**Q** 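Dropping the structure in here first, questions after.
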Protein chains: 2
Amino acid sequence: MVDPESKTAQRRILTAAKRVFLSKGMAGARMQDIADTAGINKAMLHYYFRSKQKLFDKIMSDAVANFFPRVVGILNGDLPLAEKIQCFAAEYVDMLLENPYLPLFVLNEASLHPARFAKRWWKDRESPFTEFARQVESEVAARNIKPVHPLQLVINMLSLCIFPFISRPIWTQTTGIDEEGFRAFMLLRKTEIPRFIMDAIKN
Amino acid sequence: MVDPESKTAQRRILTAAKRVFLSKGMAGARMQDIADTAGINKAMLHYYFRSKQKLFDKIMSDAVANFFPRVVGILNGDLPLAEKIQCFAAEYVDMLLENPYLPLFVLNEASLHPARFAKRWWKDRESPFTEFARQVESEVAARNIKPVHPLQLVINMLSLCIFPFISRPIWTQTTGIDEEGFRAFMLLRKTEIPRFIMDAIKN
DNA sequence: GTCTATACTCGGATAGAC
DNA sequence: GTCTATCCGAGTATAGAC
C-alpha cells in the first residue's frame, strides 16, 4: 500500500503502478493490484489513464528516462578515462541499488517488442557511445591503454554493473548471501569494477 | 509452426511450448499460440499436460538444466585457471548463441518467484562455486594472480558472458549493429572475455 | 488420440449515481 | 472526482462425439 496521505490520487497511482509493473511486468500486472496498492478504486485508474496500456507506457517512459541518460551523460563528459569509469560504476550501482527491478523491466520490454521499443523510446536519441569511443581510441593511440575495441569495453562496463542486479535472486540463492550481504557485495563492486577494468586495459 | 512431420504430438508440443514460453514468458504466453505453433488442437495440450502451469514447469525444468550444470561442470573441473576461464567463456557463449532467450526466461522466473524457484529448481544442488573459489585462492596465495575475491571473479565471468545476450535488442539498436554483426561481436568475445579477465587479474 | 463445442473464470473497461 | 455495479472479451479448461 502506497502512503495514503501522499498528495494527489494521480501521484499515488503512478507510484503504485511503478511498483506493480516493475515487479510483475505488463502481462503479469493486474489493474486491481495497482488499485489496491494505491489505496483507491479500480475505476479511478481508467479515469486518470484511459487504459492499462497507457498507464504502462507512462511507467516505461519514466523507466527508460532513468535507465540511460544519467549514465550516458557521464560517458560523454570530459573526465579522463579512469575517472570516467569510476564515476560510471559508482553512479550506476547506486542508481540500481535504489531501483533493483529497473533493468529486467526495461530489458523485457525491449526483448518483447524490439520494434516498438526502438520507435517509441529511442527515437531521436543519437548513438550514445561515439564520443566515448573516440576517447578510448585516442588513449589507445597514446599507448596509455592496451588496444581494445571501444564497444567491447562499453558492453563490459555495462555487464559488470547491471548483471548482478538481474541475477540477484539466483545469486543469493546459490551463494547463500542474504539481502544485506548482497548490498555490501555491490557497494564493494563500486570500487572493484573500476579496478578490474583498469587492470585489464592499462599498459 | 513446428515441423508437422516431426514424430509424436508430445514432442511437437514441447518444441512449440519452448518457443512460445521463452519468448513471451508464462503470463504473456497463450495456449492457443502454442497449439497453433505445434500445428495441433488446443485440447491436445490439456490432454498431454493437464494445465498451462504443468507445461510451463516442464519447459522451465529443461531450461534450468541447460542454463547451469554444463558450465558448473567446467568451473569444478581440474583445468588450470586460465584454461578454465577460456573454456567457460567459449562454452557459455556458444550455448547462448543457440539459446538466446534462455537467460531472460530463467532470470524472470527467479525474480518473479524466488522462493518457488529455489525450492523447485534448486533444491539439492550444493553450492557450485566452492571448488572454483578454492582454486582461485590458491592461485592468489601462490602470487600467480592479484588478490581477488573469488565470488567477485565468478560474477564478473557470468556478467561478461550472459549480459550481452540479455541486452541484445537495446544493444543492436543503440550501436546500429545488425543480427549477423551481433553474432560476429559475440564470437569475438569468446576470446576477448578471457583475455580481458586474465589481463585484469594476472600479476 | 484427435477433434468441436462449450463451460467458466478472470480481468480490463464502462455506465451511471452521487 | 469518487464510488458501485456491470458488461464483455479473452483465455484456460473440460465434455463428449468420433
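Every chain is numbered from 1, with letters handed out A, B, ... down the list of sequences. Every value quoted in this text rests on a predicted model; they were computed, and no experiment measured them.
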**Q** Measure from CE on Met31(B) to P on dT9(C) and round the result to the nearest Å.
**A**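 After rounding, the reported distance stands at 18 Å.
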**Q** Rounded to the nearest angstrom, tell me the gap between atom CG in Leu45(A) and atom P in dG1(D).
**A**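 Taking CG of Leu45(A) and P of dG1(D), I get 15 Å after rounding.
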**Q** Rounded to the Å, how far apart are Ile13(A) CD1 and dT2(D) P?
**A**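 Spelled out: CD1 on Ile13(A) to P on dT2(D) is 8 Å.
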**Q** Between the side chains of Asn108(A) and Asn108(B), is a donor N or O closer than 3.5 angstrom to an acceptor N or O?
**A**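 Yes.
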**Q** Reckon Ala29(B) touches a base, only the sugar-phosphate, or nothing at all at heavy-atom distances under 4.0 Å?
**A**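 Sugar-phosphate, no base atom in range.
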**Q** How would you label the contact of Phe49(B) with the nucleic acid (heavy atoms, under 4.0 Å): base, sugar-phosphate, or nothing?
**A**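 Here Phe49(B) touches no strand at all.
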**Q** Given dA13(D), is OP1 or OP2 found less than 4.0 Å from the side-chain N or O atoms of Tyr47(B)?
**A**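 No, because none of the side-chain N or O atoms of Tyr47(B) sits under 4.0 Å from OP1 or OP2 of dA13(D).
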**Q** Does the distance from a Lys or Arg side-chain N to an Asp or Glu carboxylate O, for Arg183(A) and Glu180(A), drop under 4.0 Å?
**A**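 Looking at Arg183(A) and Glu180(A), the cut-off is not met.
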**Q** Rounded to whole angstroms, how far apart are NZ on Lys52(A) and P on dT14(C)?
**A**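 Spelled out: NZ on Lys52(A) to P on dT14(C) is 15 Å.
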**Q** Just how far, in rounded Å, is P of dT12(D) from OH of Tyr48(B)?
**A**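 Atom OH in Tyr48(B) sits about 20 Å away from atom P in dT12(D).
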**Q** Enter the distance from Tyr92(A):OH to Lys190(A):NZ here, rounded to the nearest 0.5 Å.
**A**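 Result: 15.5 Å between the selected atoms.
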**Q** Could you check, using the six-membered ring where one of them is a Trp, whether Trp171(A) and Phe129(B) have ring centers closer than 6.0 angstrom?
**A**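 Yes, ring centres under 6.0 Å apart.
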**Q** Within this structure, what is the CD-to-P distance between Gln53(B) and dG11(D), rounded to whole angstrom?
**A**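 That distance rounds to 18 Å.
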**Q** Where do N or O atoms of nucleotides 3-5 of chain C meet protein N or O atoms at under 3.5 Å, pair by pair?
**A**
from, atom 1, to, atom 2, distance (Å)
dT4(C), OP2, Asn41(B), ND2, 3.1

**Q** Side-chain N or O of His46(A) less than 4.0 angstrom from OP1 or OP2 on dA13(C)?
**A**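 Yes, because at least one side-chain N or O of His46(A) sits under 4.0 Å from OP1 or OP2 of dA13(C).
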**Q** Grab the CZ-C1' distance between Phe21(A) and dG11(C) for me, whole Å please.
**A**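 In whole Å, dG11(C) C1' lies 13 Å from Phe21(A) CZ.
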**Q** Check whether the ring centres of Phe56(A) and Phe105(A) lie less than 6.0 Å apart, and answer yes or no.
**A**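 Centroid distance Phe56(A)-Phe105(A): below 6.0 Å, so yes.
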**Q** Do any side-chain nitrogens or oxygens of Arg30(A) fall under 4.0 Å of OP1 or OP2 in dC10(C)?
**A**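 For dC10(C), neither OP1 nor OP2 has a side-chain N or O of Arg30(A) closer than 4.0 Å.
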**Q** Just the rounded figure in Å: distance from P of dT12(D) to CZ of Phe56(B).
**A**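 These atoms are roughly 13 Å apart.
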**Q** Among side-chain atoms of Arg134(B) and Asn76(B), is any donor-acceptor pair under 3.5 angstrom?
**A**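 Per modelled atom types, Arg134(B) and Asn76(B) side chains form no pair under 3.5 Å.
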**Q** Is it true that Glu192(B) and Arg195(B) have a side-chain N and a carboxylate O under 4.0 angstrom from each other?
**A**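 Between Arg195(B) and Glu192(B) there is a salt bridge, with a charged N closer than 4.0 Å to a carboxylate O.
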**Q** Compare side-chain N and O positions of Arg50(B) against OP1 and OP2 of dT14(D) and report whether any pair is under 4.0 Å apart.
**A**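 It does, given that an N or O in the side chain of Arg50(B) lies less than 4.0 Å from OP1 or OP2 of dT14(D).
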